[in-house]
Protein chains: 2
Amino acid sequence: MNKPAFRNWQSVQEEVLRRIHSRQWPPGELIPNEADLAAEFGCARTTVNRALRALADAGLLDRRRKAGTRVAAQPVAKATLDISVIRNEVEARGQKYGYHLIDRRETVPPVATSAAMNTPIDAPLLYLKALHLANDRPYALESRWINGAVVAGVRDESFETISGNEWLLRHAPYTHGDIAFSATNATEDEAAILDCAPGGALFVIDRLTWDGDKAVTKVRILFVPGYQIRTAL
Amino acid sequence: MNKPAFRNWQSVQEEVLRRIHSRQWPPGELIPNEADLAAEFGCARTTVNRALRALADAGLLDRRRKAGTRVAAQPVAKATLDISVIRNEVEARGQKYGYHLIDRRETVPPVATSAAMNTPIDAPLLYLKALHLANDRPYALESRWINGAVVAGVRDESFETISGNEWLLRHAPYTHGDIAFSATNATEDEAAILDCAPGGALFVIDRLTWDGDKAVTKVRILFVPGYQIRTAL
DNA sequence: CAGATTTTTATGTATGCACATAAAATCATT
DNA sequence: AATGATTTTATGTGCATACATAAAAATCTG
């Protein structure tokens with residue numbers, strides 16, 4: 001075997017990928033250790049490590065100290081979705097973005113909401129309901145609860161020209177959150193707002209955001225029928 | 001300022017994260033360069049680099065050569081979904097997994113399918129339709145087209161005891177693919193199979209897998225109403 | 001032989017150094 | 001002032017080395 005000289009970690013990664021795809025290293029198989037690969041590729045172990053680590057991050061390799069590195073038996077496809085600001089999403093499609101505030105009030109939320117956000121059962125929260133538009137057509141309906149006790153200055157914001165989405169991103173720090181995707185049938189109300197048939201299948205994003213142990217905001221976004229969120233594998 | 005001694009890249013990352021979350025480094029702001037941070041943290045620049053690179057990968061920092069590193073103005077939340085084998089998904093919930101093959105035939109697909117898979121319009125493909133069960137209840141309905149010209153040995157597999165999902169993972173190499181999530185209303189047929197109301201909102205995963213420039217398989221999976229896919233941010 | 005202990009080994013990471021590279025900033029030239 | 005060449009600078013990466021750490025494997029011990 002001549003030495004093709006793998007001079008950078010990307011080329012090493014490509015070669016490893018090639019071997020995985022070609023089944024030269026089939027799923028589940030133990031691959032040579034870093035030192036050996038480094039010798040074979042004619043580069044430093046650091047470089048091999050970088051390449052393998054990236055592949056492990058991507059879910060294609062399983063690595064364990066001492067046990068070695070093996071090709072993932074079931075490459076848990078990691079679909080990385082970019083959940084951007086809706087405005088950006090719409091504009092990225094080359095469409096005109098529009099925003100319309102439907103409701104804004106400070107009120108005591110349903111118990112399910114205060115429970116999920118871990119707020120006192122009788123504590124009022126700020127509620128926002130707004131419609132996002134693409135080329136003047138309904139695009140997504142956002143219903144949001146904001147914890148005014150955590151987010152400074154929300155009560156002074158009318159949200160008539162900026163969505164909770166964007167405002168919070170700019171003003172509310174957060175440490176972590178979780179997100180869920182699902183599908184639901186449009187209620188009569190929702191159908192009227194989104195200009196679709198009642199019962200239409202809506203794509204749903206539910207998101208709960210925390211700053212330490214305090215809930216910042218809980219939002220549910222309903223997308224019009226036909227909406228797709230896509231990504232490469 | 002005393003020196004807290006940041007001895008590893010994780011602790012550096014934590015500190016940087018803390019400064020971002022606390023708005024000490026607000027969104028859009030340029031942060032000190034690697035060398036300065038290394039000096040401040042009392043570690044090597046390499047270590048700072050590792051920490052910042054990881055954060056950039058996560059979408060929290062924007063980095064450009066010479067221009068420096070700044071806090072992402074709009075931290076595109078990257079939701080990383082683990083699309084595992086359905087069997088694993090079910091079993092991970094502690095439920096009993098079941099599988100039932102509904103249909104298997106070799107036939108010429110609809111033009112939309114052959115177009116998407118870039119196969120000759122009159123070329124027959126292998127079609128599979130199967131139901132995944134959790135605790136003996138319908139869980140997901142899989143409809144799949146497989147390119148027999150690309151996948152060796154598919155024609156010899158009955159798929160009566162193993163899903164296309166798992167079989168392909170073990171036997172068919174692939175280089176890339178794309179995936180889309182959406183919502184749809186259950187047809188009469190689908191409702192009957194999934195034991196739900198016709199028109200019920202189903203969560204949909206569409207996936208198209210390639211090996212180089214040849215399509216390997218195209219699959220649509222419909223999940224029963226109520227299905228959620230979730231992840232942390 | 002079971003169970004505890006030690007050894008071995010592959011990955012994980014910190015460091016100093018060197019150089020590559022992209023892009024902003026500056027300077028030179030017309 | 002517009003254009004183009006040059007310098008500067010922050011990030012990107014490679015490498016040799018050293019040591020840390022987890023976990024498998026081997027060894028010891030009762």
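In what follows, chains are A, B, ... by sequence order, proteins preceding strands, each numbered from 1.
In this structure, B:T47 does not reach the C:dT13 phosphate: none of its side-chain N or O atoms is under 4.0 Å from OP1 or OP2. Listed pair A:T69 / C:dA10 fails the phosphate criterion, with no side-chain N or O lying under 4.0 Å from OP1 or OP2. Between A:Q10 and D:dT13, a side-chain N or O to OP1/OP2 separation shorter than 4.0 Å is present. Neither OP1 nor OP2 of C:dT13 sits under 4.0 Å from any side-chain N or O of B:Q13.
Of the listed nucleotides (C:dT8, C:dG12, D:dA16), D:dA16 has the atom at the smallest distance from the side chain of A:A44.
Rounding to whole angstrom units, CZ of residue B:R53 and C1' of C:dT13 are separated by 12 Å. In this entry the distance linking CG of A:D62 with P of C:dA10 reads 18 Å, nearest Å. In this structure, the CD atom of A:E34 is 15 Å from the C1' atom of D:dT17, given to the nearest Å. Distance CZ (A:R65) to C1' (D:dA25): 18 Å, rounded to an integer number of Å. Rounded to whole Å, atom C1' of C:dA14 lies 12 Å from atom CZ of A:R45. The NZ atom of A:K66 sits 6 Å away from the P atom of D:dA25 (whole-angstrom rounding). Protein atom CG of B:N33 is 17 Å distant from nucleotide atom P of D:dT8, rounded to whole Å. Regarding A:N49, its CG atom lies at a distance of 11 Å from the P atom of C:dA14, rounded to whole Å.
Salt-bridge formation is not detected for the pair B:E142/B:K129: no Lys NZ or Arg NE/NH1/NH2 atom is positioned less than 4.0 Å from an Asp or Glu carboxylate oxygen.
With no hydrogens or angles considered, a side-chain donor-acceptor pair links A:T217 and A:R144 at under 3.5 Å. Side chains of A:S143 and A:R220: a donor-acceptor N/O pair is absent below 3.5 angstrom, by distance only. Side-chain N/O atoms of A:T46 and A:N49 include no donor and acceptor closer than 3.5 Å.
Position along DNA chain C of the nearest nucleotide to B:C43 versus B:A67 favours B:C43 as the more 5'-ward residue.
At the heavy-atom level, A:R50 lies under 4.0 Å from the strands shown only through sugar-phosphate atoms. Backbone-only engagement by B:R64 is indicated by non-hydrogen atom pairs under 4.0 Å involving sugar-phosphate atoms exclusively. Using a 4.0 Å heavy-atom criterion, one finds that B:T46 contacts the bases of the nucleic acid, with or without backbone contacts as well.
A:F181 approaches A:I229 most closely through the heavy-atom pair CE2-CD1, 4.4 Å.
With hydrogens and angles ignored, no donor-acceptor pair closer than 3.5 Å exists between the side chain of B:R63 and the base of D:dT11.
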